[in-house]
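Some notes on the structure that comes next.
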Amino acid sequence: MEVALQVQDITVRYGGFTALDQIRLELARHTTLGLVGESGSGKSTLARVIAGLITPDEGQLLLGAEPLGKKRSKAQHKQIQMIFQNPDSSLNPRHTVRQILAEALLFHRIVERSQVERRSKELLSRVQLDAKSLDRYPHEFSGGQRQRIAIARALSVEPSLLIADEPTSALDVSVQRSVLELFHTLQAELNLTMLFISHDLGVIHAVSDTVAVMRQGQLVEVNSKDEFFVRPQHEYSRELLSAVPKMPQY
Amino acid sequence: MTIQPVLELEELTLAAPSTEILVNSISFSLERGESLGLVGESGSGKSLTLRAILGLLPRGVEQTGGVVRSKVSSAMVFQDPRGALDPLCPVVKQLTEVVYYRQRTSLKAARRIALELLERLGLPASLKTKDRYPGQLSGGQCQRVVIALALACKPGILLCDEPTTALDVTVQRQIIDTITSLQQELGFAMVFVTHNLAIAANLCSRLVVMKQGRIIEQGETHSLLRHPAEAYTQMLMDSVLPLPELEGGGVSWK
Amino acid sequence: MNTTQIDTTLPDLGKPASGLRRVLNTPSLLIGIIMFTILILLAIFIPYLSPYNPTEQNLSAFLQPPSAAHWLGTDQLGRDLFTRLIYAARTDLTIMVLAEIIPFCTGVMLGMISGYYGKWTDRIIALVTDTFIAFPFYLIVIIVAFASGAGERGIYITFILVGWIVFARVVRGLSASFRKQEWIASAQTLGLPGHRILLRHLLPNVLPQAVVVLMTDMIGLLVAIVTLGYLGIGIAPPTPDWGTMIADGQPFITTAWWLSAVPGFAVVYTGIALSLLGDGLADIWRRKG
């Protein structure tokens with residue numbers, strides 16, 4: 001299978017604390033890797049390293065065959081996009097949806113200026129939002145809707161890798177469900193390659209093809225989804241899985 | 001003769017001054033030693049109901065109708081354990097003060113009771129010799145201290161407002177196990193607010209489902225989950241995403 | 001997975017409140033605007049409103065009490081007090097606005113750079129601001145005024161030197177807190193260069209707060225201009241200025257108290273107008289969320 005991204009021995013230290021300890025990971029094209037771990041396990045740090053927001057102390061990233069340097073080119077930036085956890089702060093409060101989408105589309109020259117409006121509407125319909133949303137500000141939307149706008153923005157530049165960092169954790173359960181369904185639809189329609197981070201094993205089960213488990217800055221296990229949820233290799237994975245509250249079966 | 005309930009809510013209505021009704025005419029009762037799950041999404045009014053029982057409504061919210069009848073005292077465990085502790089006071093000292101004032105013992109006895117409580121809640125024994133500030137404990141440990149603080153008031157009813165939502169899943173599991181065993185030991189009644197129906201189903205014998213300030217369904221846990229009358233209840237049940245059975249089994253719930 | 005309904009409907013906000021309606025709903029802003037507009041209109045149209053020249057002396061009609069011909073009376077040189085008062089507003093308000101432009105722009109820019117980039121840029125800027133803050137403001141003003149010669153130039157130079165600090169401090173704090181927010185991270189993920197994030201993303205978010213500070217700061221500057229005039233190291237006579245007017249009226253405080261009181265009142269009036277403006281703007285921006 002074609003490899004979209006290789007993480008090679010990435011280490012990040014803050015002072016004496018090792019946030020990421022020699023992480024080695026491969027992400028196959030057109031698949032979703034679910035990254036689980038508890039708070040402080042380093043999963044968000046890894047996401048930010050891959051997105052280029054944090055420079056690692058050691059190790060390197062390969063996007064396809066191309067190494068990602070300390071300073072990324074514009075084209076490299078375009079390839080990796082990220083969706084963040086908190087829908088309240090992931091959109092600039094003083095930009096309308098139109099400005100948010102247009103900036104991404106024009107900066108990376110995805111379409112001509114005259115085509116921006118049409119493409120923005122297409123993107124909104126892709127994330128099941130009304131075209132009337134274009135001239136509204138983020139605070140006029142619900143949390144789930146804001147998360148859809150963030151998804152539309154990330155998809156607008158046609159990235160080859162999409163990182164979603166706990167995109168549903170701050171949402172109400174019914175909204176969480178509909179956002180997950182949207183991810184499902186997008187995976188099927190766009191053949192996305194995705195790194196999906198969550199502490200919620202139910203969510204990971206719903207979206208992933210492969211599961212990776214992190215604990216205290218180290219990668220504990222990488223396994224196919226079907227194997228992982230039934231026969232986890234590592235004791236810690238088993239501990240995590242058995243701690244998940246389940247509905248009684250009738 | 002029926003058993004006297006320890007807590008009764010009758011047609012309780014809460015509203016903000018802008019005439020917006022936040023909790024609309026809800027009624028339920030709680031018996032001695034019983035645990036009741038109050039489930040719903042944000043904005044359903046479940047946390048406000050809990051605060052009304054405790055008698056601590058947030059500023060700007062008023063009780064405009066109905067009654068809350070309670071024969072016993074209640075104490076609350078909050079969602080954010082760090083926010084519920086005084087960051088500038090070491091935890092044993094905080095707990096000792098609460099025991100001292102609520103149980104009216106000598107300071108020395110209060111400290112002994114406090115240390116016993118902390119031990120029972122599974123906090124490290126090193127606290128006996130070296131007290132720590134809340135910032136020096138993990139989230140789960142802080143929540144244990146908060147539960148100890150609540151129990152130090154010897155409550156007849158323990159009110160829990162999403163006590164595990166901010167915690168990791170393994171820690172959540174431990175805290176819930178702790179609450180369950182303490183309840184069996186001490187016999188307090190409990191109202192447990194959560195949006196996670198799986199937790200409520202495992203912990204509570206009766207469920208109250210709230211939506212937009214109203215109770216839409218209530219009943220005994222197992223019959224309610226077997227035959228939910230409302231689509232909303234079904235939606236909450238579906239929102240607990242299924243996981244396949246773990247081979248070899250984990251430690252099963254309950 | 002069975003389908004659930006999706007929150008595609010937009011919340012109905014009613015008609016979005018227009019700018020005018022928001023202003024009308026904010027009494028402090030409305031009153032501030034009215035007060036300030038009256039002052040500005042008077043200052044602009046005073047040559048057409050008054051038959052008198054503000055600097056022309058008429059020694060046959062000195063120290064007259066208010067009358068129909070001279071609404072606020074005349075001063076010790078027989079000049080019409082009302083005319084001088086409004087011409088002084090022209091002088092003082094013009095200097096006030098001009099002296100704020102450069103400090104406001106540099107302060108906001110340096111504050112954003114300092115808060116957004118952090119690290120060594122932040123350390124240098126913090127060092128400079130802390131050093132300047134250690135000196136009393138008026139001490140610096142008086143030193144510069146003497147060094148550069150009395151008059152407008154001293155005020156402009158002083159303000160270019162120290163006026164930016166208050167904006168830099170406020171904007172630095174705001175920028176540092178915005179920098180941690182995820183919309184900045186997503187702009188970085190998009191690959192936007194730093195200057196573009198500063199100007200297109202950060203600036204619109206820090207500007208409202210900076211403008212509110214500007215209003216308060218202008219009051220301080222106005223008081224400084226008037227104080228210097230009063231001390232005789234500000235605007236040089238015969239150019240009308242509230243500070244020199246107060247000083248000139250002082251010998252006659254028992255016989256013609258209004259000579260000093262009226263320009264004093266004008267300073268207070270302008271101060272109230274500006275602080276109402278600032279408060280009102282802050283209110284509106286807060287409500288907008």
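Chain A is the first sequence line, chain B the second, and so forth, proteins listed ahead of strands; every chain is numbered from 1.
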**Message:** Counting C-beta onward and ignoring hydrogens, is there a side-chain heavy-atom pair between A:V230 and B:L246 closer than 4.5 Å?
**Reply:** no

**Item:** Smallest separation among heavy atoms of B:V240 and A:P245, with atom names
**Value:** CG1-O, 4.3 Å

**Message:** Given 3.5 Å as the limit, does a donor-acceptor pair link the side chain of B:R173 with the main chain of A:E239, or not?
**Reply:** no

**Prompt:** Are the side chain of B:N202 and the backbone N or O of A:M247 linked by a donor-acceptor pair below 3.5 Å?
**Reply:** no

**Message:** Below 4.5 Å, heavy-atom pairs only: which of A:P248, A:G40, A:P232, A:S39 has the largest tally toward chain B?
**Reply:** A:S39

**Request:** Please check if atom CD in B:E119 has more than 12 non-hydrogen atoms from other residues, nucleotides or ligands closer than 6.0 Å.
**Result:** no

**Prompt:** Quick one: are B:P244 and A:H205 in side-chain contact, heavy atoms under 4.5 Å?
**Reply:** yes

**Fill in**
Nearest heavy-atom approach of B:V169 to A:L240 is CG1-CD2, 3.7 Å

**Request:** Mark yes or no for whether A:R177, through its side chain, and B:L236, through its backbone, hold a donor-acceptor pair below 3.5 Å.
**Result:** no

**Request:** Evaluate the side chain to side chain donor-acceptor pair (under 3.5 Å) criterion for residues A:S174 and B:E41: first the C-alpha distance (whole Å), next the side-chain angles of each, then the deciding distance (0.1 Å), finally the verdict.
**Result:** CA-CA 8 Å; A:S174 57; B:E41 293 188 283; 2.7 Å; yes

**Request:** Evaluate whether atom CZ of B:R214 has more than 12 neighbouring non-hydrogen atoms of other residues, nucleotides or ligands under 6.0 angstrom away.
**Result:** no

**Request:** To the nearest 0.5 angstrom, please state how far the CG atom of A:D200 sits from the CG atom of B:L241.
**Result:** 6.5 Å

**Asked** What's the spacing between A:L241 CG and B:E245 CD if we round to 0.5 Å?
**Response** 11.0 Å

**Message:** Heavy-atom count check: over 12 atoms from other residues, nucleotides or ligands less than 6.0 Å from B:Q212 CD?
**Reply:** no

